[in-house]
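Along the sequence shown, residues are numbered consecutively beginning with 1. Computation of the quantities below employed the complete heavy-atom set of this structure, encompassing side-chain atoms and omitting hydrogens, waters and symmetry-equivalent molecules.
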Amino acid sequence: MRYFAAVAEAGSLSVAAESLFIAQPALSKQIRQLEEELGVLLFARHARGVVLTAAGKALLPEVRVQLASMGRLADVARRARSVEKHRLRVGMAPSLAVPVLPELAARLQAQYTDFDMDVRDIPSTEQTEALLADEIDIGMACLLPRHSAVSVACKLDDTLCVALRRQDPRAREESLALQQFVEDRFAGFTEQSWLARGDRPDPAFAEAGFQPYVHYEVATVHRVLDLVAAGLAVALLPSILAVHLPKEVALRPLRNLPRCNAMGVLRRRADANPVLDSVEPAMREIFGRLQRAGEHALRDATPAL
C-alpha cells in the first residue's frame with residue numbers, strides 16, 4: 001500500500017522508486033502483485049509515466065486512511081512497550097495505614113520515562129497467589145508469606161506499642177507492660193499479625209500469661225484508632241503511627257517485646273521487570289525514614305515523669 005500511494009503521488013515509477021530507495025523493477029513487481037491480488041488494473045502506463053485508473057482513484061483515499069491508521073497503531077504499540085517496560089503493578093493490603101505509595105511513585109517517576117503504576121487492594125493472604133499468577137509485580141503486606149517462589153524484598157520492623165485513650169491514667173507512663181491490659185477489650189484490624197486470635201495465641205501474650213479479649217476486629221487501622229479514641233478498646237500498633245495519631249489517642253511503647261513487622265514488600269524471586277531493581281533500595285530508604293519519624297514522634301509524645 002505504501003508503494004501504491006508513492007507511485008500515485010509521484011505519477012512515475014522511477015521517481016517513486018528513487019523516493020523509496022528501491023530499484024524500479026522491484027517496485028514494478030510489487031505494483032503488479034497488488035493488482036493481481038485485487039483483480040483490477042490500478043495504473044495506466046504511458047510514455048511520461050503512469051496515471052491512476054478509475055479503480056486506482058477509488059482505492060487511493062482508502063489506502064491513505066489505512067496507512068495513517070497503521071502509523072497510529074505503530075505509535076500505540078511503541079508507547080505501550082515503553083510503558084510496559086517501566087510499569088509497576090502493586091498489590092496493597094487494605095489495612096495498611098503507612099503512606100509509602102506517594103514517595104515510591106515520585107522516586108520511580110523521576111528515574112524512568114513514561115513510568116506508570118497500577119495499584120490494587122489485595123489482602124495480605126492473597127498477595128502470594130496474585131504474584132504467582134503474574135497479576136502484580138510487588139505486594140505490600142502486613143502478613144509475610146512462606147513460599148519458595150516469593151521473597152520478602154524488604155520489611156519495616158518497628159517498636160510495638162499500645163494505643164489507648166489519652167485520658168487513661170496509664171497514658172501518663174513512659175512505657176507499659178502487657179500485663180497491665182489483662183482486663184481490657186482489644187481492637188484489632190483483620191490482618192494484624194501480632195494479636196492473638198482463637199487457637200493461635202501470640203507468644204508475647206502467652207509469656208504475659210493471658211490471651212487478649214479481641215472485642216473488635218475491623219478492616220483498617222483508622223477504624224481501630226476511632227475505637228480507641230472513643231474509649232471502647234485498646235490496641236497494639238507500630239510506632240510509625242505516632243506521626244498521625246488522633247488527638248484523643250496516646251501511643252506508648254511496650255516493655256520486653258520483640259520488634260513487630262509493620263509491613264513487608266513481596267516479589268517473585270524470578271522476575272525480569274527492570275523497575276524492581278529500583279523498588280527495593282527505594283523502599284528501604286522510605287522504611288528507614290518512617291522508622292525515624294515514628295521513633296521521634298513517640299519520644300516527643302512521652303510524658304514527663
Side-chain angles (χ1 to χ4, degrees), residues 1-92 101-122 126-127 129-139 267-268 270-279 282:
M1 288 193 294
R2 286 194 297 269
Y3 291 169
F4 165 74
V7 174
E9 292 165 3
S12 165
L13 284 165
S14 60
V15 173
E18 185 177 350
S19 68
L20 294 168
F21 301 100
I22 63 172
Q24 183 175 332
L27 178 58
S28 298
K29 181 179 179 181
Q30 292 290 327
I31 296 299
R32 283 197 304 273
Q33 287 178 347
L34 179 61
E35 290 176 326
E36 290 171 3
E37 184 174 342
L38 296 176
V40 295
L41 190 66
L42 299 175
F43 294 101
R45 278 74 173 175
H46 59 82
R48 290 175 297 181
V50 295
V51 293
L52 288 168
T53 63
K57 289 178 181 178
L59 184 63
L60 182 60
E62 182 63 26
V63 165
R64 285 172 173 160
V65 170
Q66 294 296 327
L67 290 174
S69 178
M70 289 170 62
R72 288 193 296 272
L73 286 173
D75 288 340
V76 168
R78 282 191 290 268
R79 286 197 300 271
R81 181 181 179 185
S82 176
V83 170
E84 183 72 20
K85 187 177 180 181
H86 300 139
R87 180 186 178 202
L88 189 68
R89 298 167 299 167
V90 181
M92 175 71 70
L101 284 183
E103 187 172 348
L104 177 61
R107 287 170 178 255
L108 296 177
Q109 285 167 350
Q111 185 172 353
Y112 296 104
T113 305
D114 297 326
F115 173 75
D116 186 37
M117 178 184 285
D118 293 334
V119 182
R120 293 173 51 192
D121 280 346
I122 302 178
E126 299 176 15
Q127 289 186 18
E129 183 177 347
L131 283 165
L132 297 178
D134 195 25
E135 296 173 358
I136 57 175
D137 300 305
I138 65 169
R267 61 168 292 180
R268 289 182 295 275
D271 196 321
N273 186 338
V275 179
L276 292 176
D277 294 336
S278 303
V279 169

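Checked against Asp137 for a salt bridge (charged side-chain N to carboxylate O under 4.0 Å, His left out), the options Arg267, Arg120, Arg87, Arg268 give a single hit: Arg268.
Listed here is the closest heavy atom pair of Thr53 and Ala44: CG2-N, 3.8 Å. Smallest separation of non-hydrogen atoms from Leu27 and Ala17: CD2-N, 3.5 Å. Residues Ala5 and Leu67 come closest through the heavy atom pair CB-CD1, 4.0 Å. The two atoms that bring Gly91 and Gln127 nearest to each other are O-NE2, 3.4 Å, heavy atoms only. Taking every heavy atom of both residues into account, Ala16 and Ala10 meet most closely at N-CB, 4.0 Å. Summarising the geometry of Val51 relative to His46, their closest heavy-atom pair is CG1-NE2, 3.5 Å, with the distance given to 0.1 Å.
A side chain to side chain donor-acceptor pair (under 3.5 Å) check over residues 12-25, counting only residues at least two apart or in different chains, returns the pairs Ser12-Ser14. Identified under the salt bridge (Lys or Arg N to Asp or Glu O under 4.0 Å) test for residues 61-71, with sequence neighbours left out: Glu9-Arg64.
Going from atom CD of Glu135 over to atom CG of Asp118 covers 12.5 Å, rounded to the nearest 0.5 Å. Between the OG atom in Ser278 and the CZ atom in Phe115 there is a gap of 9.5 Å [rounded to 0.5 Å]. Rounding to the nearest 0.5 angstrom, the gap separating the CD atom in Gln30 from the CG atom in Leu20 is 10.5 Å. The CZ atom of Phe4 sits 5.5 Å away from atom CG of Leu52, with the distance rounded to the nearest 0.5 Å.
Residues Asn273 and Arg89 form no side-chain contact, since every pair of their non-hydrogen atoms from C-beta on lies 4.5 Å or further apart. Between Leu101 and Met92, some side-chain heavy-atom pair lies under the 4.5 Å cut-off. Using a 4.5 Å heavy-atom threshold, the side chains of Phe43 and Leu13 count as separate. Residues Leu42 and Leu34 form a side-chain contact, since some pair of their non-hydrogen atoms from C-beta on lies under 4.5 Å apart. Proximity of Ile138 to Leu131: side-chain heavy atoms (C-beta onward) are nowhere separated by under 4.5 Å. Leu41 has its side chain within reach of Arg45: a pair of non-hydrogen atoms, C-beta onward, lies under 4.5 Å apart. Side-chain contact between Asp116 and His86 is absent, with no heavy atoms from C-beta onward closer than 4.5 Å. Taking 4.5 Å as the limit, some side-chain heavy atom of Leu88 sits within range of a side-chain heavy atom of Leu276.
The existence of a salt bridge linking Arg32 and Glu36 is excluded, since no basic side-chain nitrogen approaches an acidic carboxylate oxygen closer than 4.0 Å.
Here Leu132 pairs with Thr128, His147, Ala149, Val150 under the side chain to side chain contact (heavy atoms under 4.5 Å, CB included) rule; sequence neighbours left out.
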Could you walk me through whether Val275 and Gln111 satisfy the side chain to side chain contact (heavy atoms under 4.5 Å, CB included) test, starting with their C-alpha distance in whole Å, then the side-chain angles of each, then the deciding distance to 0.1 Å, before giving a yes or no?
CA-CA 9 Å; Val275 179; Gln111 185 172 353; over 6 Å; no
